[in-house]
Structures are given as C-alpha cells and as structure tokens.
**Student:** 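One structure, pasted below without further comment.
Residue numbers begin at 1 in each chain, while the letters A, B, ... track the order of the sequences.
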Number of protein chains: 2
Amino acid sequence: MSPKRGVAPLRRTAIVRATIRCLARDGYTGLTMKKVAREAGVSQGILHYYFADKRAILVAALETVTADLDRRVAAAQARGGKDAKERLQALVAACLRLAVEERAFWIVFVEFWGEMMHDRRLREINAALYERMRRLIGAVVVQGVRAGTFRRTDGRRAAAVILGLVDGVSLQLAFDATAFSVAEATRFCTDAVMRYLAREVP
Amino acid sequence: MSPKRGVAPLRRTAIVRATIRCLARDGYTGLTMKKVAREAGVSQGILHYYFADKRAILVAALETVTADLDRRVAAAQARGGKDAKERLQALVAACLRLAVEERAFWIVFVEFWGEMMHDRRLREINAALYERMRRLIGAVVVQGVRAGTFRRTDGRRAAAVILGLVDGVSLQLAFDATAFSVAEATRFCTDAVMRYLAREVP
DNA sequence: CTTTCTTGATTGGCCGACCAATTATCTTTG
DNA sequence: CAAAGATAATTGGTCGGCCAATCAAGAAAG
C-alpha cells in the first residue's frame, strides 16, 4: 500500500510540512505528535522513527523554512542584477513579502524563538542563520561601497541595521496586517535603507 | 502567618513576578502552575483564585513588562528634554538597553508573540501596544519636523521604521549577545535613525 | 459570624515516548 | 527466476507521568 524502500526523505518532508502547518495553526504549545501525524496522514509511531523527539521536528521545520528564505533571497539577488542598490532593494522586498505571503513560515520563526530562548542548541542554530544573513547583506553593502554607490561604511554594522529593520518591520506586518500594507512597508523600508547608505552630501 | 484582607494586589504581583522568572527560565512550554506556585512561594490553588487560567497569567506578565517598558520610555523622553533629536536618541537607547539589562522582560515578549500568533485576543493586546509605541515615536518625529530638526516626513511611517529598527536590533542583541554590544548597537541605531530623518537628502 | 483569602489533595485527560508486530522491498542464494 | 532471508518502513496500541483546573475545607481578618 504505502511505498517503502528509499522513500524516507519523502515521508520525512511530508511530516515536516505537516508540522509547519500545525505550528502555524496551534503554535508550539499546541503542537502534539498526534496532530502532526494526523495532518501528515501517517501513524504516530513513525514520527519517532524519523525524528528523535519533538524538538528535532521543530529544528527540521526551521531548517525547511530557512532553506526557503535562502532560496528567495538568492532569487532576489539574482533578479537584482549586478547593481548593489537594486540587489538590496530586491532583498528587502523579498523578505517583507515573506511576512505576508508565507505567514506560516514567519510563525515558525517566532515559535522557534520562543523555544530557543531557553535551549542553547536551538540558540546556536538561530545565531548561525543570523550571522549568515548579516554576512550576505554585508557583502552587498561592501560591493556598493566599492562601486561608489554607497557611502563608506562598515559592512557588518550596516548589515545588522538593515537586517534589524527588515526583521522589525516584518514582525509588525506579521503581527497586524491592518497596520500597513506590504507595498507600503517595502517602499518606506527601501527608502530608509537607501537614505542610510546614501553618500554624504557635499 | 500570611496577611489576609486587602493584600490581594501584593500576592497578585508576587505571582506575576514569579511567572516572569519562570517564563525566562523555561519558556511558555515549560511553564506550569506548579512551578509558578513554587517560585512565588504560594500554593497551587491560589493561582486560580487570582487568575482564570494560564493564559490570564501570561497576559498579566505581558502587562507588567509593558508597563515597565512604558516607564522606561517615559523616563528617557523626560531625560531627553525638549529637543526632538535627543528625545529620540534617548528612546532608542532605553529600548536597546532593555534587551540586555532586563533580558527576562524581552523573553516574555517573545514567548507572548508565540502564543499570540494563534490567539486573537492576545494579538489585539499586542497590536494595541505597537500602535501606542508607533504613536509615541511618531509624535516625537512630528515635533522634530515642526522644529525644523528633521526633514518633512510622515510621522506614522517614520515611527514604523524606527520601531522596526529598534525591535529588530534588540532581537539580535537578545538572541546572541556576542554578535555586538549594546553600546555599539545604540551608536549605529541612532546613527541610522538620524540619517533617516536628516534634512539634507542627496 | 461573614467575608476574604489560602491550602493541598484530587481528578480526568492527554502527551511524548516506547515497542512488539506487521508489511513491503531489496538481496542473496540454490 | 523463485524461494528465502534480511532489512527498511510502518502501524497501532500501551504506559508512566505530568498537567490545568476544581473543590471542599480551613484560617485570618473585619
């Protein structure tokens, strides 16, 4: 009836996807093995075949979401072409769009943060993700500085600022979609970033 | 042994404070009535005398944290004097300091967000808080615009940007204190805000 | 002697983890 | 190539434990 050999990855991803849906619906508090199994259309027992425990499933969910974020950012980078300004704008737009288009993904992040706060291993995973994002943004900034598009500035600091801004505004979007629209948010975020990186006025 | 009449508020705050400590240690997932009671040095039963259920305790914890944030922000505003620029700088500094000095408070926020994502009433409470913060920041911005300190801009949008920036950078601080220091963060956040609001635009 | 506050034990339910048994697939062997 | 293991995948049920909420009863204050 069900496929067997060599389909482990398929089943695994099915479970992870179901987990993300459950997480978005009920949060980590309301996340039970039973619900996940039901959502994925598998038996409860199998969850512990693919994952050591509940935390491992949460980590897998974050990894999936992270991979998707990376993919979107990379796509945005590519779309932005060679120009640092355009690449940065595309990056900001991609991140903000994620906050509303893939609301479930953002929820996974927030739920993960909650657990992370009191679990060192989870914290390390998150720290690595943020470091990666800062490095990526920093690289674009440095590229722009070299090209003379942006003012001379420390890439690392600028990256922290830009990432913080995008994160913070995304949160506001995810929390309360009525406050302002994505389009609006994208506009004033890119505006802020460009002002921040603009060359000094003579 | 224990005081009785009219001490309800005292006991209540003792419970809430214990809840905040527990929340910071084990998160909302690991928050149990037993632990809170033990931490507060009271019996389990009393928790349901002061609070309808677990969620009500979480709400109370957020209210306490929020009140503290408001107090700090108000103090910063007063310290900043009349000058819009200084007031804004003081505000940013106060928020960022909270992320490390009162780490427990910040954790309460994150835990609350996790629960909020799938609970409308909690979401409304949070939305009100953010709206209040935006209004407050917006007012300072408008004041600066009127005084000619800042460029002409929409107070509401600027407030969302500034709040987002502070939130996002605070998160990075709370998540991984080794990434950069508070002093550093404060410096480049205020720098970013000032550039964003600066009159001379290229 | 009434009201307010407090206790600690109880209860019903659910959860994560574990496991023995079963089925499907692959591999080896005659 | 077919029978016979060997291995991988899957199931459903079980179990000990813990949790939130309830409650009857008691203690302190008015």
**Student:** Calculate the interatomic distance between A:Leu58 atom CG and C:dG16 atom C1'; express it in whole Å.
**Tutor:**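 Rounded to whole Å, this separation is 15 Å.
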**Student:** If I take atom OG1 from residue A:Thr29 and atom CD from residue A:Glu115, how far apart are they, to the nearest 0.5 angstrom?
**Tutor:**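 One finds 7.0 Å between OG1 of A:Thr29 and CD of A:Glu115.
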**Student:** Ignoring backbone atoms, establish whether B:Tyr49 has a side-chain N or O less than 4.0 Å from OP1 or OP2 of C:dC5.
**Tutor:**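 The answer is yes; a side-chain N or O of B:Tyr49 sits under 4.0 Å from OP1 or OP2.
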**Student:** Taking atom C1' of C:dT6 as reference, at what distance in whole Å does atom CG of B:Leu10 sit?
**Tutor:** 15 Å
**Student:** Which residues pass the side-chain contact (heavy atoms from CB on, under 4.5 Å) test with B:Arg195, not counting sequence neighbours?
**Tutor:** A:Arg151, A:Tyr196, A:Glu200, B:Asp191
**Student:** For B:Glu39, run the salt bridge (charged side-chain N to carboxylate O under 4.0 Å, His left out) check against B:Lys34, B:Arg17, B:Arg25 and tell me which one passes.
**Tutor:** B:Arg25
**Student:** Taking only side-chain N and O atoms of A:Arg11, does any of them lie within less than 4.0 angstrom of OP1 or OP2 on D:dT10?
**Tutor:** yes
**Student:** Inspect the contact between B:Arg72 and B:Asp68 and indicate whether a charged nitrogen and a carboxylate oxygen are less than 4.0 angstrom apart.
**Tutor:** yes
**Student:** Can you tell me how far P of C:dA24 sits from CD1 of A:Ile46, to the nearest Å?
**Tutor:** 14 Å
**Student:** Residues in side chain to side chain donor-acceptor pair (under 3.5 Å) with B:Gln172, at least two apart?
**Tutor:**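 Only A:Arg134 meet the side chain to side chain donor-acceptor pair (under 3.5 Å) criterion with B:Gln172.
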**Student:** Students often mix this up, so state it plainly: with edges at 30° and 60°, are the rings of B:Trp113 and B:Trp106 parallel, tilted or perpendicular?
**Tutor:**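 Judged by the thresholds at 30° and 60°, the geometry between B:Trp113 and B:Trp106 is perpendicular.
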**Student:** Write down the distance between OH (B:Tyr50) and C1' (C:dT7), rounded to a whole number of angstrom.
**Tutor:**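 Whole-Å distance recorded here is 13 Å.
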**Student:** Let me know the distance between CD1 of A:Ile15 and C1' of D:dA9, rounded to the nearest Å.
**Tutor:**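 Those two atoms, CD1 and C1', are 11 Å apart.
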**Student:** In whole angstrom, give the distance that lies between atom CZ of B:Arg38 and atom C1' of C:dT7.
**Tutor:**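 So the CZ-C1' distance, B:Arg38 to C:dT7, works out to 16 Å.
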**Student:** Separation of B:Phe51 atom CZ from C:dT6 atom P, in whole Å?
**Tutor:** 12 Å
**Student:** Strictly under 4.0 angstrom, non-hydrogen atoms only: write out the protein contact profile of nucleotides 15-22 of chain D, one letter per nucleotide from the 5' end, B, S or -.
**Tutor:** ----SSBB
